[in-house]
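Let me begin by presenting the structure, written as structure tokens, before commenting on it.
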There are 2 protein chains.
Amino acid sequence: MQDLLRNIQIRVNEHIYLKDPESSEIGRKMLNESIGMIHELGIEAFTFKKLATALGTTESTIYRYFENKHNLLVYLLAWYWGWLEYEIVLITMNIEDPAERLQKTIESISDPLKGQLRHDLIDLKLLYEIVIAESPKSFLTKEVDVENEIGFFVNYKRICERIVKNIEEIDSSYPFARTLALTIVQCANQHRFFAMHFPNLTEISPQGTGTGTAVFLTDLVLKSLQNNK
Amino acid sequence: MQDLLRNIQIRVNEHIYLKDPESSEIGRKMLNESIGMIHELGIEAFTFKKLATALGTTESTIYRYFENKHNLLVYLLAWYWGWLEYEIVLITMNIEDPAERLQKTIESISDPLKGQLRHDLIDLKLLYEIVIAESPKSFLTKEVDVENEIGFFVNYKRICERIVKNIEEIDSSYPFARTLALTIVQCANQHRFFAMHFPNLTEISPQGTGTGTAVFLTDLVLKSLQNNK
DNA sequence: CGCGTTTCGATAGTAATACTTTCATAAAAA
DNA sequence: TTTTTATGAAAGTATTACTATCGAAACGCG
């Protein structure tokens, strides 16, 4: 399975790019190299000029694929959410008990690298760290409503919806299924950031060792739902 | 009380600014005007040049107060967290039951403008909206560790610690007091953003009407703690 | 094989940003 | 009154975030 899935295609909304970067060699290199650079420099210090130089090409080529670096970031994040949904589907398939399925989903979101799914082009470890450090910047902009309308965030929203349904299966009378689902997804990534940079603010340890986000979230969610029955 | 407190001084860590903006007339105008502009333009499109023009001064003057616009943003957010702690202290004083105190704290964080505390210089409504839309950008940077060490985020951390203690009073055996406190503070602001821009992802309604964040968080937290007893 | 189209690379250019420096002057403090 | 401090004005720099143009290479198709 692992090998079978090394080349799955992740669907990314077509409005995010000008030309599909997965459709050409240089586009793929662009994705690969940009992940390395954004990870290293952060999105603020990252520029198309630097990316072009690293690729041995010019800015004009990159601008043919992405309108600007913000859209490139949105692309990478959308790719991540698309990939994560894939992983969640694989991990939860054939699990009948909805509570157990939710538990597995939370574990996937909290520790996505534990999954078996790998990709030839995309370095998932680096991409995941970009998600941790940069993802809120993708929607905390003045253009969020326009971008949302044309589908920039559909992959993210699909994951949320999936969790909402799962919660409703467990307890259809719980009145905050959506809010809770959003809390799960948001917290999973945030707490990892805080664990790394503000360790005093959380019991969660930065590396996999010790108490992880998944334990906290599972506890939080199941107690919340059990109590409502 | 309301009038008595119109001019409280909020302590902001001195490393955030080069020269205390509250110490001079132009510094105060800078704070006031920057809140209006950042609210309107967003931090990305906001520049010191624009701020200088609006104030009838020059960039050099502004650079004498703040190293860059990032630090100005950090200043405003630190001011907010300092102010919010003040409000929480006032609202929860004389409440003996820790569960009720936590409930009031959650309400304050989720709906800070409902409090009575106002300020002459700072437009709290606009500042709060900046907090909602921009605050993660203050720490999601490559410089977060250095800035954290010199005290950029102490006001934020003090609020978290206060909630941690409150949680421990309610249930000293709950193993995730810090993580839960952080979740409360983070969720309160985030869900408001999502309610405004991604209404399908949450049951919370954007305006004060209907179900608010406070109801969700209170439910979440109290169930979590009650169940642990 | 050849022709047209798409794609890319190279060059150049522009307006704006994020500062830094210097200097003169006005206001406040000693 | 003298000295320090704060501001304003002007100029300059490196970088960013694009846009436009053009020639060459590669590719797809008949």
Side-chain angles (χ1 to χ4, degrees), chain A residues 14-34 37-38 40-76 134 137-138 140-143 146-147 152, chain B residues 14-34 37-38 40-76 121 134 137-138 140-143 146-147:
Chain A
E14 56 181 5
H15 291 106
I16 298 174
Y17 51 81
L18 296 169
K19 181 177 150 81
D20 182 4
E22 294 218 52
S23 71
S24 76
E25 191 54 31
I26 193 147
R28 287 186 290 270
K29 279 183 188 161
M30 226 174 263
L31 295 180
N32 182 59
E33 185 67 33
S34 66
M37 292 193 86
I38 294 173
E40 189 192 332
L41 303 172
I43 191 71
E44 284 82 13
F46 167 82
T47 68
F48 276 4
K49 178 101 189 120
K50 290 172 187 168
L51 178 59
T53 306
L55 290 172
T57 180
T58 57
E59 288 174 272
S60 46
T61 299
I62 296 166
Y63 276 108
R64 284 186 190 105
Y65 286 84
F66 295 101
E67 236 177 286
N68 49 52
K69 73 176 175 182
H70 174 256
N71 287 26
L72 170 51
L73 176 65
V74 171
Y75 182 97
L76 294 175
E134 315 282 358
K137 297 173 194 166
S138 67
L140 293 176
T141 69
K142 286 287 172 189
E143 296 77 34
V146 182
E147 293 181 355
F152 273 34
Chain B
E14 56 180 7
H15 291 105
I16 299 174
Y17 50 81
L18 296 169
K19 180 177 151 77
D20 182 4
E22 294 218 51
S23 70
S24 75
E25 191 54 32
I26 195 152
R28 287 186 290 271
K29 278 184 189 161
M30 228 174 262
L31 295 181
N32 182 59
E33 185 68 33
S34 66
M37 291 192 87
I38 293 173
E40 189 192 332
L41 304 172
I43 191 70
E44 284 82 13
F46 167 81
T47 67
F48 277 4
K49 178 100 191 123
K50 290 172 186 168
L51 177 59
T53 305
L55 290 171
T57 180
T58 57
E59 286 174 273
S60 47
T61 299
I62 296 166
Y63 276 108
R64 283 184 190 106
Y65 287 84
F66 296 101
E67 236 177 287
N68 48 53
K69 73 176 175 182
H70 174 254
N71 287 25
L72 170 53
L73 176 64
V74 171
Y75 182 97
L76 295 175
L121 182 62
E134 315 282 358
K137 297 173 195 167
S138 66
L140 294 176
T141 69
K142 286 287 171 188
E143 297 77 33
V146 182
E147 294 181 355

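Reminder, nothing fancy here: chain letters follow the sequence lines and each chain counts from 1. These figures come from a predicted structure and were not determined experimentally.
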Provide, to the nearest angstrom, the distance between the [atom1] atom belonging to [X] and the [atom2] atom belonging to [N].
X       : N      : atom1 : atom2 : result
A/Ile43 : D/dA17 : CD1   : P     : 9 Å
B/Ile26 : D/dT5  : CD1   : P     : 19 Å
B/Asp20 : D/dA6  : CG    : P     : 12 Å
A/Leu55 : C/dA10 : CG    : C1'   : 16 Å
B/Leu72 : C/dT17 : CG    : C1'   : 16 Å
B/Glu44 : D/dT16 : CD    : P     : 17 Å
A/Glu59 : C/dT14 : CD    : C1'   : 13 Å
A/Lys49 : C/dG13 : NZ    : P     : 15 Å

Heavy atoms only, 4.0 Å cut-off, all strands: where does [X] land among base, sugar-phosphate and nothing?
X       : answer
B/Lys19 : sugar-phosphate
B/Glu67 : sugar-phosphate
B/Ser60 : base

Exactly one of B/Met30, B/Glu59, B/Lys29, B/Lys69 clears side chain to side chain contact (heavy atoms under 4.5 Å, CB included) with B/Leu51, and that residue is B/Met30
B/Lys19 side chain to B/Ser24 main-chain N or O, any donor-acceptor pair under 3.5 Å? no
Check: NZ of B/Lys50: more than 12 outside heavy atoms within 6.0 angstrom?
Finding: yes
Any side-chain N or O of [X] less than 4.0 Å from the OP1 or OP2 oxygen of [N]?
X       : N      : result
A/Tyr63 : D/dA20 : no
B/Tyr65 : D/dT7  : yes
A/Thr57 : C/dC8  : no
B/Ser24 : D/dT7  : yes
B/Lys69 : C/dA18 : yes

Looking at A/Glu44 and B/Lys142, is any side-chain nitrogen of the basic one under 4.0 Å from a carboxylate oxygen of the acidic one? no
Closest nucleotide among D/dG8, C/dT11, C/dC8 to the A/Thr58 side chain:
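Output: C/dT11.
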Check whether any side-chain heavy atom of B/Tyr75 sits under 4.5 Å from a side-chain heavy atom of B/Glu22, and report yes or no.
yes
